[in-house]
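See structure below.
Atoms within a ligand are numbered from 1 in the order they appear, just like the ligands themselves. Side chains included, hydrogens not; waters and symmetry mates left out as well; all remaining heavy atoms used. We number each residue from 1, following the sequence as shown.
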Amino acid sequence: MNTQLREGIEWVGFVDWTVRDFHGYATGRGSTYNAYLVRGAAATGEPNSEPTKTALIDAVKAPYADELLRRVANLTPLDKVDYVVCNHAETDHAGGLPAVVAACPNAEVVCNKTCREALGRHFDTSAWRFRVVADGESLSLGRRTLQFVNTPMAHWPESMMTYVPEEKVLFSMDAFGQHYASSARFDDEAALDEVMAEARTYYANILMPLGKPVLAAMAKAAGLDIEILAPSHGVIWRSHIADILKAYGDWTVCRARPKVLVIYDTMWGSTDRMARAIEDGAASVAGVEVKRFSLRLSNTTVLATEVLDAATLAIGSPTLNRTYMPQMGALLTYLDGLRPAGKAALTFGSYGWSHAACAALEARLREMKVELLAPAVEALYAPTAEVLEECRQAGRMLAEKALAAVQAQAAPAAK
Ligand code: FEO
């Protein structure tokens, strides 16, 4: 495995091939927790007049700290690690810090003030030696320098990126990451379509509610000369930086594509028949992609990712007792937290002795700031031919609205 970013900068993280549930996010391709060792020493044979230092950039999840330390020890004695930079206090990275601090007796933990406070809430840091750094501050390692860039809320309040100007390497923390286990460490060693798909899933499920802070972080990073973009999960970007930056430009504003999503649950098949009719109607409009998902055959991770760039949604559920189906409740709760921006929808579903699901869905969608495009389409017990035609018309309407939404997005750029 090629772990060298530059001479003197090595990946020392952990490839997690088996994780399938990352706090509820279905990580079908596993993940990695990336940590990096930056040595300030000159290459062998080169003069180096300054005293040199060595820094570890971030740690890994607690159970994998031994593997991290083994990789570091293969490169330098652990008592020669001078700094451990903590860019982010979330425990998929900081969880291994107590073991790292214990194993590296001469290391100072380098982080911003907010991170120091957060680490103190997670761990007993009373014996840790901290070096608190300010936004824009630099720390010389000798031949290389660490520059710290605070990027609050990309992903947590203390989130920070670390830049090495001499090598044009930015350690970007969660931003631009992917939950993607691979023996490849670099974007040009892996299948790019898989990497981009996982980057999109990662953005949708981790960063979607934080589009503005992520844009602010990107604006700060735009002033840096970057040849290697090294996130804390997945492969490192060096050949396709422009691709991931362009994708983030779209994702951070939830830019819609001409896409209609039909998402529903069903009890005895009536709402399923309605969903298929909506799909048929939407698919009859040229230039629109239509995707239909039966909730119980999918998962919230996939659906949130599909919502990210969908223009319009059809959300369906039969009435179960006094409301919609519980799996729909789980999805809407998840989406409410992710706050997809600029979406428009209609609801549909069957009902019987209790008539409540669509009204409850509409109320929930209004709370989520989703625009309701038309009254709900409903069927008493089973959809009649007239109701199915109403569904087809609703599908066509959603497709036309999707095209119009995409045109409206494009209009300002064309001026
Ligand atoms: Fe990968 Fe926000 O931690």
Side-chain angles (χ1 to χ4, degrees), residues 11-36 56-65 67-68 84-100 109 111-112 114-119 121-123 148-162 170-182 185 195 198-218 220-221 229-237 244 248 251-252 301 304-305 334 337-339:
W11 177 91
V12 290
F14 182 79
V15 180
D16 191 346
W17 287 98
T18 58
V19 63
R20 289 293 179 271
D21 183 335
F22 188 94
H23 60 48
Y25 172 152
T27 45
R29 287 192 172 108
S31 191
T32 74
Y33 316 107
N34 295 341
Y36 304 93
L56 174 63
I57 310 292
D58 291 306
V60 295
K61 256 187 187 175
Y64 312 124
E67 174 80 7
L68 164 73
V84 178
V85 175
C86 180
N87 282 314
H88 181 21
E90 192 163 10
T91 51
D92 50 331
H93 312 289
L97 272 183
V100 169
V109 175
C111 63
N112 61 36
T114 314
C115 190
R116 178 177 178 161
E117 289 165 6
L119 292 173
R121 296 284 178 180
H122 281 95
F123 314 111
F148 306 105
V149 182
N150 282 348
T151 55
M153 296 315 299
H155 168 216
W156 279 11
E158 79 293 344
S159 289
M160 182 175 87
M161 297 182 183
T162 298
L170 179 67
F171 301 106
S172 62
M173 233 309 114
D174 282 338
F176 315 114
Q178 329 95 51
H179 283 317
Y180 183 68
S182 168
R185 296 277 57 80
V195 173
E198 292 303 334
R200 175 169 165 257
T201 303
Y202 185 92
Y203 182 86
N205 286 273
I206 301 286
L207 296 174
M208 183 156 43
L210 305 167
K212 285 183 181 171
V214 173
L215 269 175
M218 289 172 67
K220 269 180 130 172
L229 190 53
S232 291
H233 299 287
V235 300
I236 298 158
W237 303 94
I244 190 63
Y248 262 60
W251 299 338
T252 46
T301 305
T305 307
Y334 189 60
L338 292 173
R339 288 188 282 170

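For Phe14, the ring-ring contact (aromatic ring centres under 6.0 Å, His included) partners at least two apart in sequence or on another chain are Tyr64. Under the rule for a ring-ring contact (aromatic ring centres under 6.0 Å, His included), Phe148 has no partner lying at least two apart in sequence or in another chain. Under the rule for a ring-ring contact (aromatic ring centres under 6.0 Å, His included), the partners of Phe171 that lie at least two apart in sequence or sit in another chain are Tyr36.
Relative orientation of the His93 and Tyr33 rings is perpendicular, given thresholds of 30° and 60° on the angle between their planes. By the 30° and 60° cut-offs, the orientation of the rings of His179 relative to Phe22 is tilted.
Around atom 2 (Fe) of ligand 1, the protein atoms of type N, O or S that sit closer than 2.8 Å are His88 NE2, Glu90 OE1, His155 ND1, Asp174 OD2.
When the options Trp237, Tyr203, Tyr248, Tyr202 are evaluated for a ring pair (Phe, Tyr, Trp, His ring centres under 6.0 Å) with Phe176, the one that passes is Tyr248.
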